[in-house]
Structure formats: C-alpha cells, structure tokens
Amino acid sequence: IKMALVVAVVLFCVAPLASAQSKHGSPWPNDAAEKAQAILSKMSIDEKISMIYGRNAIPKQCGNEAKAPYTCPWWYVGNVPENQRLKIPSINLEDGPQGVADSLNNVTGWPSQLTVSMTWSEELMQQWGQAMGEEQSSKGTNVMLGPDVNLARVPWSGRVFETMGEDPFLASVLVQPLVQGIQSNNISACVKHFIFNNHEVNRVSVSSNVPQRTGIEMYLKAFIAAVDAGVGSVMCAFNRVNNTYSCENKEILQNYLKSMGGFKGWVVTDWGAQHSAIAAANAGLDQEMEWVKNGTYFNESMKDLINSGAVPMSRLNDMVTRMLTPMVALGLMASPPVYSKQNTSSIARTSAHDSLAERLAGQSISLLKNENNALPLKQSTSVAIFGDESLVAGHGSGGVHMPFISLISEELKNMSDLNVTYYSSMDPQFAAGIASQSNYSIVVTTIITGEGMDRKNLSLSPDQDALVASVAAAARKARQSSVVVARCSGAFVMPWIGDVDAILYQLMPGQAGGTAAAKALLGLVNPSGKLTVSFPSDYNDTWLGSPVNPMQYPGTVRNDGNSWQQVDYTEELQIGYRWYADKPSKSPLFAFGHGLSYTSYAYSDVKVTVSTSVSVEFSVENTGGMDGVEIAQVYLGFPKSSGEPAKQLMGYSRIELEKGAKSAITVKISKDQLSVWSVVEQSMVTVTGTFDVLVGASSDDIRLTTSFVL
C-alpha cells in the first residue's frame with residue numbers, strides 16, 4: 001500500500017511543462033487553424049455537438065441498416081455524419097493498424113506491424129503506410145485507426161503483434177514515416193492506445209500505475225513522435241492510469257499529450273472507453289465512439305451541460321476546433337469521399353500492393369539460428385513439410401481479411417526442383433519416420449493471438465513442441481537437417497532449440513508469407529530482419545518477475561478502497577534488453593536486435609565526435625559470399641549516476657552491401673537523447689559524465705566499443 005501511495009505522488013503530477021512545449025507539436029500550417037476557426041464561427045451549438053460523438057454507419061446512405069455491421073457498403077466502425085450546410089464531410093473511421101480490417105473484402109493481407117518493424121526500415125514503413133492509406137481511402141475511410149505504439153512490455157500480450165516492439169527510440173523513429181505515409185492520402189491516422197495499454201487481460205478496468213519518469217522516458221515517446229509527424233488524432237485507451245480512466249484523465253490528456261506534446265488534433269475514445277461526460281470533456285477528451293449506441297455521454301444531452309456551465313462553451317469550441325484543424329491540414333475537407341466510388345465494397349487491393357506485401361514479408365524475416373549453414377536449402381534434395389501453413393495473421397481490430405494465403409510447400413515446388421511433400425499429420429512418430437528419410441524437414445509452428453486475450457505462457461502448444469522435438473531428433477540421428485519456420489505473434493520459448501539446425505522467424509507475415517519464406521529458404525532473398533522484442537528463455541524469468549509478479553502482471557486488487565485490479569510498473573525503465581543489460585547473470589533466448597544472415601559482416605574503425613550532436617563513425621564490411629542488408633546498431637551506456645539502464649539504443653543504420661563491399665557509417669545522436677526526466681525539475685535534464693558507446697549487430701552482439709565525455 002505504501003508503494004502504491006508513493007507511485008500516486010510521482011505519477012503524471014500536474015506541473016509546469018513550458019520547457020518541453022517548444023520542442024514538440026503538430027506541424028500544421030497556421031492557416032489550417034484559421035480556416036477551422038472560420039468554420040467554427042458559423043456553427044450552431046447543435047452542429048458542434050453532432051461532431052463530438054460517433055455512430056456505426058452513414059445514416060443517409062444506410063438508412064435502416066445503420067446499426068447492422070457489414071451489410072451496408074457505407075458501414076464503418078465509426079462515423080460522424082456530414083454537415084451539408086457548412087460542407088464538412090462525414091468522418092469515417094475504420095480499423096486497423098495492419099490495413100483495412102473488420103472483415104472487409106478486396107483488401108491486401110499485410111504483415112503485422114511488429115513484423116514490418118523487424119525491417120528497421122523507415123523507407124519501407126513509409127511505403128507501407130502510403131499503401132494502407134490508399135486502401136483505406138478507396139474504401140471511403142478518412143480516419144485510419146492506427147498505428148499502435150504501445151510498447152511490448154508484456155511479451156505474451158495478445159496484441160503485441162500490433163506494436164513496434166519494446167524499444168521507445170525505435171518505435172519513435174518508425175512511427176513517423178508510417179504516419180506520414182498513411183496521411184499522404186488526405187486521411188488522418190489515429191495513433192493508439194493512449195496510454196499504458198500494455199496487455200489485454202482486464203484491459204477495460206485495470207489501472208496502470210507508472211512512475212512519472214518511466215512514463216515519459218519510455219511510454220510517451222512514440223506518441224509524441226507521432227504528434228511531431230503530424231498525426232491528426234489520438235485514441236485514448238480502456239485502462240485506468242493511476243486509478244483514473246485514460247479517457248477522463250487530465251494529467252495524461254491535457255498536461256502531457258496536449259501541453260507537453262503540443263498536440264493540436266483531437267482525442268477520440270476507444271469504442272466504449274468513455275465513462276463520464278463532464279469529467280471526460282473537462283479532462284481533454286474531444287470525441288466519443290461507442291458500439292451500437294449513438295453516443296452515451298457526448299450526445300444531445302451535452303447541450304444542457306454546456307448551458308449550465310458544467311462543460312464550458314470554450315471547451316466545446318476547442319473540441320470541435322481540434323477536429324476541424326487536422327481535417328483542413330490533412331486534406332479531409334478538400335477531398336471528401338465520393339461514395340459511388342469509395343465505399344466499403346470497393347476493390348482496394350492492387351498488384352502493386354501485393355508486390356509490396358511480399359517485399360515487406362521477405363525483408364522482415366529474421367534468421368534466428370543457422371547451424372553449420374544448414375540454409376539455404378540445397379538444390380535436388382527432398383524436403384518434408386509439417387505444420388499449419390495457413391495461419392499468418394492475428395485477429396481482432398488488428399486482423400485483416402486475407403484474399404489468399406501463399407503456402408511454403410507450393411511456393412518451393414514452383415521455385416525449385418526440390419522434391420517437396422507436405423504432411424498434415426501432427427503425429428510425432430509418423431513425422432519422425434518421414435524426417436529420417438528426408439534431406440530437410442521443415443516444421444511450421446504457429447501461435448495466433450488477438451484483441452481481448454493474452455497468452456497464458458510463452459510456449460507453443462504441446463503437440464507442436466512434441467512434433468518439432470521428434471522431427472529434429474530423427475533428422476539429426478539420420479544426419480539430415482531440420483528447420484523451423486516460426487509464425488508466432490511475439491516471443492516464444494523453444495525447448496528443442498539445441499536439436500534443430502535452423503530457425504526462420506516470420507512472426508505474422510500476411511498473405512505472402514509462403515512466398516517470402518520459400519525465397520528465404522532457397523536463398524533467393526537473404527534474411528535481414530532483426531528482432532524488435534527480446535525472446536525470454538523462461539516465462540517465469542523476465543522483467544515482470546521471477547516468477548511473474550502478479551502486481552506487475554496481470555494486476556491485483558489492493559486494500560485501498562478500489563475494486564479493480566492495479567498493475568505496478570516497478571520494473572521502471574528496465575524492460576526487454578534493458579533489463580538483461582543490468583542482469584549479466586541472465587541471458588535471453590534471442591536478444592533484441594538479433595538476426596543472422598547468409599553472409600557475414602565485419603565492424604571496424606569506431607570514432608566519436610562531440611559537437612552540437614554526437615557523431616559515431618565506424619565501418620561495416622560484407623565479408624561473406626552473398627549480397628545482404630545489415631542493421632548496425634549503436635547503444636549508449638549512460639553514467640551510472642543518471643539512473644539509466646546500462647544499455648540503450650540511440651541510433652542505427654540499415655545498409656545494403658554487395659559481397660566484398662565496405663561502407664563508412666555515421667550515426668548521429670542528438671543532445672536531447674542524452675537527457676533524462678527529472679521529477680524534481682519537472683523537465684528533461686542533460687546528463688554529464690562519461691558515456692560508453694557500444695556498436696554491434698544486436699543488443700548482445702557488440703563488435704566495437706569506445707566512450708566520450710559530455
């Protein structure tokens with residue numbers, strides 16, 4: 001109880017934040033706000049109120065079908081009807097962070113966001129965002145509900161596949177081109193779920209109790225990066241923060257998102273995440289979305305609250321201005337949907353998008369293990385394939401309808417002269433017999449999760465573990481090779497890891513997963529993906545406790561008069577690789593940033609220059625026999641007095657190198673990155689002292705070291 005009270009004192013307390021305001025903000029032209037104000041001045045109170053709550057369909061087009069999901073081609077997961085008098089177009093909101101969702105057809109079955117994050121590529125993120133935005137726009141959507149930038153604090157969270165991974169710096173880098181790509185289509189992205197929505201169990205009621213420094217340095221960063229990229233809207237989460245619901249929490253909405261973050265757009269609820277009218281409006285919530293009902297709190301009854309002064313007219317004006325400003329700035333006003341051509345029955349998928357989906361799936365593949373160069377597959381050999389090839393995507397609002405699913409077995413047959421046979425049997429004894437007679441045995445493993453649930457552990461199903469173990473043992477005894485192609489929604493443990501020869505990790509690859517895997521297996525594509533989450537070696541030995549501490553996950557009811565569960569982020573800054581860096585006696589199964597290649601790379605010549613920024617210079621050479629892509633990572637170790645973890649990602653370079661080629665690389669680190677949050681000063685404070693510089697191929701494969709003094 002005493003600890004909980006201390007957390008309450010330091011968590012997101014109200015304080016002057018002027019020192020941070022000038023560094024962040026929505027980068028929209030001033031005339032967008034001016035045009036929004038001009039429209040607002042012509043609106044009646046009823047017209048204003050009609051904009052701040054949503055429905056599930058466009059009533060004008062859908063009529064009596066307005067509450068019947070998917071039966072009307074103008075049904076969206078959220079809608080605000082158009083204002084014909086003032087020519088304000090309808091706002092059509094649609095899931096989700098992996099493309100057009102909610103079972104809508106004629107769309108591309110993209111890889112998941114966590115999958116694409118393993119490319120570490122800003123260019124691919126931008127291209128993916130642009131393509132997803134194109135498909136949303138072609139469906140008549142003008143607010144895409146994504147991306148999701150909650151950190152992967154809980155490795156077994158059901159929605160970890162929707163995130164950018166565990167590192168706040170990498171998430172901040174990758175979210176910006178993704179948002180800009182989405183919004184290049186005259187639509188708004190909606191970054192979510194603000195904030196500390198890091199697992200699914202009891203998500204609608206649990207309180208995330210987070211120390212202030214942890215919240216700002218870790219969990220707020222990617223949201224602010226999205227704001228700086230110009231994101232139009234932010235979705236507040238179901239959960240409570242320090243025992244106050246996110247969507248009526250003034251400290252996080254007004255003080256941290258809007259004041260510190262400089263956010264000028266609007267905050268919309270997750271569907272059903274609002275619990276009050278007066279408290280929510282005055283805390284900074286701008287728009288309600290609700291299932292089935294047409295507004296539970298921000299409906300016509302708001303008029304009485306405005307007239308009584310319970311919610312000031314200035315607050316209502318601010319809510320509407322925050323919606324109109326990005327609608328002007330991002331082109332929603334100038335390019336409203338043409339519903340005869342842009343509706344949910346439109347064909348959004350294109351051949352160019354199919355090609356991009358395959359490229360994303362291929363560039364994200366991570367080669368976790370390749371003992372004795374078992375891969376690529378040798379030509380003119382026999383290959384047996386086991387396991388379910390059809391599971392390639394998660395479910396919930398992050399799920400996408402797959403127009404087709406490419407199969408590894410069929411793609412290998414099409415691309416090679418290998419003798420490939422697929423076996424549907426999961427019987428270990430049968431599979432062992434086949435493996436002993438096949439040059440290669442490939443087992444496809446799957447863990448599929450989604451919204452509303454978490455995994456109960458980090459294990460595959462027992463039958464899958466038994467299948468892999470049996471195949472691997474039989475193959476090794478017969479001097480044959482075994483390969484695992486893993487399609488899992490996050491990290492998982494591998495009790496058979498010492499027996500298999502190679503592991504290709506695809507995560508959730510989408511429609512082109514089979515094609516991408518086949519090309520990687522054959523060496524037509526050199527794997528270059530790097531993990532963006534750590535793989536623990538044991539469910540009961542992580543930053544969430546050894547064993548898992550229920551006060552950290554999934555939460556406990558406290559003796560403080562509150563009936564809901566509360567989760568304490570007592571691991572503070574130490575999640576993922578940061579935790580392992582401070583625990584030298586513990587090692588992950590696979591480290592953050594890990595990913596092998598069919599070629600090899602040598603690092604050399606590190607040098608650091610300190611001026612207005614810190615420049616880390618070094619060289620990388622492709623010393624192997626194949627062209628490839630290396631992701632060279634730069635970590636810093638802050639002075640111990642700073643209280644920071646021993647290792648933090650501060651920059652990286654993704655470089656394409658032909659065999660034999662050598663490249664000089666410079667990674668710049670801004671002085672802002674060398675600051676930490678001071679609870680006393682209520683601002684970022686620059687750290688001074690000696691910083692260790694660690695350059696390597698992953699967080700635990702450090703090739704070069706040096707230091708500098710600030």
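This structure is a prediction, so every number in the text was calculated from the model and none was measured.
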Item to complete: Please indicate whether E371 has more than 12 foreign heavy atoms, meaning atoms of other residues, nucleotides or ligands, lying under 6.0 Å from its CD.
Response: yes
Worksheet item: Given Q126 and E122, is the side chain to side chain donor-acceptor pair (under 3.5 Å) satisfied, shown in steps?
Response: CA-CA 6 Å; Q126 192 279 332; E122 296 171 66; over 6 Å; no
Discussion item. Could you check whether any side-chain heavy atom of M494 comes within less than 4.5 Å of a side-chain heavy atom of I503, counting everything from C-beta outward?
Written reply: yes
Fill in: Donor on one side chain, acceptor on other, S117 and T532, under 3.5 Å
yes
Worksheet item: Is a side-chain donor or acceptor of S364 paired with a backbone partner of L360 at a separation under 3.5 angstrom?
Response: yes
Discussion item. Minimum heavy-atom separation for D501 and S482, please, with both atom names.
Written reply: OD2-N, 2.8 Å
Fill in: Any donor-acceptor N/O pair, N622 side chain to M626 backbone, under 3.5 Å
yes
Item to complete: Give a yes-or-no answer on whether the side chains of S112 and T115 include a donor-acceptor pair shorter than 3.5 Å.
Response: yes
Worksheet entry | Set of residues satisfying salt bridge (charged side-chain N to carboxylate O under 4.0 Å, His left out) with respect to D692, sequence neighbours excluded | none
Item to complete: State, without any angle test, whether R654 and Q633 hold a side-chain donor-acceptor pair at a distance under 3.5 Å.
Response: no
Item to complete: Any chance you could lay out the side chain to side chain donor-acceptor pair (under 3.5 Å) test for D672 and S670, step after step, and finish with the verdict?
Response: CA-CA 5 Å; D672 286 345; S670 73; 4.9 Å; no
Worksheet item: So, T623 versus S600: side-chain donor-acceptor pair below 3.5 Å or not?
Response: yes
Practice prompt. Report, as yes or no, whether the 6.0 Å neighbourhood of atom CD on Q673 holds more than 12 heavy atoms from other residues, nucleotides or ligands.
Written response: yes
Worksheet item: Could you go step by step and tell me if K662 and S619 meet the side chain to side chain donor-acceptor pair (under 3.5 Å) rule?
Response: CA-CA 7 Å; K662 185 175 183 179; S619 295; 4.9 Å; no
Worksheet entry | G529 backbone acceptor or donor facing S366 side chain under 3.5 Å | yes
Item to complete: Evaluate the criterion side chain to side chain donor-acceptor pair (under 3.5 Å) for residue pair Y577 and D167; output intermediate values, then yes/no.
Response: CA-CA 9 Å; Y577 74 90; D167 184 72; 2.7 Å; yes
Practice prompt. Measure the shortest side-chain to side-chain distance between M415 and T515 over non-hydrogen atoms and say whether it is less than 4.5 angstrom.
Written response: yes
Item to complete: Using atom types as modelled and distance alone, determine if a side-chain donor or acceptor of K668 lies under 3.5 Å from a backbone N or O of V614.
Response: no
Discussion item. So for atom NZ, which belongs to K378, do other residues, nucleotides or ligands contribute more than 12 heavy atoms lying within a distance under 6.0 Å?
Written reply: yes
Discussion item. Between K671 and T686 (side chain of the first, backbone of the second, donor and acceptor by atom type, cut-off under 3.5 Å), is there such a pair?
Written reply: no
Worksheet item: Just wondering, do R578 and K647 contact through their side chains at under 4.5 Å, heavy atoms?
Response: no
Practice prompt. Would you check, one step at a time, whether the test side-chain contact (heavy atoms from CB on, under 4.5 Å) holds for D627 with T599?
Written response: CA-CA 7 Å; D627 298 346; T599 191; over 6 Å; no
Worksheet entry | Exercise: do T163 and D148 side chains pair donor with acceptor under 3.5 Å | no
Worksheet item: Excluding sequence neighbours, so at least two apart, what forms salt bridge (charged side-chain N to carboxylate O under 4.0 Å, His left out) with E630?
Response: K530
Response to the item:
Hits for salt bridge (charged side-chain N to carboxylate O under 4.0 Å, His left out) against R349, two or more places apart or cross-chain, chain-then-number order -> D354
Worksheet entry | Spacing of CD1 belonging to I665 relative to OH belonging to Y603, to within rounding of 0.5 Å | 7.0 Å
Worksheet item: Do the charged groups of R213 and E644 touch, with an N to O distance under 4.0 Å?
Response: yes
Item to complete: Please examine the side chains of E617 and T609, heavy atoms only from C-beta on, and report whether any two atoms are closer than 4.5 Å.
Response: yes
Worksheet item: For residues 494-529, which residue pairs qualify under ring-ring contact (aromatic ring centres under 6.0 Å, His included), counting only residues two or more places apart or in two chains?
Response: Y505-F535
Item to complete: Apply side-chain contact (heavy atoms from CB on, under 4.5 Å) to the pair Y652 and V173, showing each step before the final yes or no.
Response: CA-CA 10 Å; Y652 66 91; V173 170; 3.6 Å; yes
Response to the item:
Taking every heavy atom of P147 against every heavy atom of L178, the minimum-distance pair comes out as CB-CD2, 3.6 Å
Worksheet item: Between W120 and F592, how do the two ring planes meet: parallel, tilted or perpendicular, split at 30° and 60°?
Response: tilted
Discussion item. Go through it in stages, so that I can follow the logic: the residues are E621 and K659, the test is salt bridge (Lys or Arg N to Asp or Glu O under 4.0 Å), and I'd like the CA-CA distance, side-chain angles, deciding distance and then a yes or no.
Written reply: CA-CA 8 Å; E621 181 179 4; K659 57 183 179 180; over 6 Å; no
Worksheet entry | Heavy-atom donor-acceptor pair, Q506 side chain to V485 backbone, under 3.5 Å | no
Worksheet item: Under 3.5 Å, is there a donor-acceptor pair linking the side chains of E389 and S409?
Response: yes
Worksheet entry | Note, V468 side chain near T445 side chain (heavy atom, < 4.5 Å) | yes
Discussion item. Does either side chain, that of D388 or that of T446, offer a donor lying less than 3.5 Å from an acceptor on the other one?
Written reply: no
Fill in: Point-to-point distance, once rounded to the nearest 0.5 Å, from OG of S438 to CD1 of I385
10.5 Å
Worksheet item: Do R703 and D701 sit within salt-bridge range, that is, some charged N less than 4.0 Å from a carboxylate O?
Response: yes
Discussion item. Restricting to side-chain hydrogen bond (donor to acceptor under 3.5 Å, both in side chains), what partner residues turn up for S489, sequence neighbours left out?
Written reply: T449
Worksheet item: Side chains of Q180 and Q176: donor-acceptor distance under 3.5 Å anywhere?
Response: no
Worksheet item: With a 4.5 Å limit on heavy-atom distance, are the side chains of D228 and F223 in contact?
Response: no
Worksheet item: Would you find more than 12 non-hydrogen atoms of other residues, nucleotides or ligands less than 6.0 Å from N372 atom CG?
Response: no
Worksheet item: Under 3.5 Å, is there a donor-acceptor pair between the S534 and E166 side chains?
Response: yes
Practice prompt. Check step by step if side-chain contact (heavy atoms from CB on, under 4.5 Å) holds for L124 and R359.
Written response: CA-CA 9 Å; L124 289 176; R359 186 180 179 207; 3.4 Å; yes
Worksheet entry | T119 side chain vs V116 backbone, donor-acceptor pair below 3.5 Å | yes
Practice prompt. Spell out, as yes or no, whether a donor-acceptor pair under 3.5 Å connects the side chain of S528 to the backbone of V629.
Written response: no
Fill in: Any Q127 side-chain heavy atom under 4.5 Å of Q130 side chain
no
Worksheet item: Distance-only, no hydrogens or angles: does the T381 side chain make a donor-acceptor pair with backbone N or O of L377 under 3.5 Å?
Response: no
Discussion item. Can you list everything that forms a salt bridge (charged side-chain N to carboxylate O under 4.0 Å, His left out) with R153? Sequence neighbours excluded, please.
Written reply: E571
Discussion item. Evaluate F691 against I669 for side-chain contact (heavy atoms from CB on, under 4.5 Å), listing each step before the verdict.
Written reply: CA-CA 12 Å; F691 291 77; I669 301 170; over 6 Å; no
Fill in: Main-chain N/O of W110 paired with T108 side-chain donor or acceptor, under 3.5 Å
no
Discussion item. Any heavy-atom pair between the side chains of V606 and T705 that's under 4.5 Å?
Written reply: no
Worksheet, complete the sentence: Rounded to the nearest 0.5 Å, the OG atom of S642 sits from the CD atom of Q648 at a distance of 7.5 Å
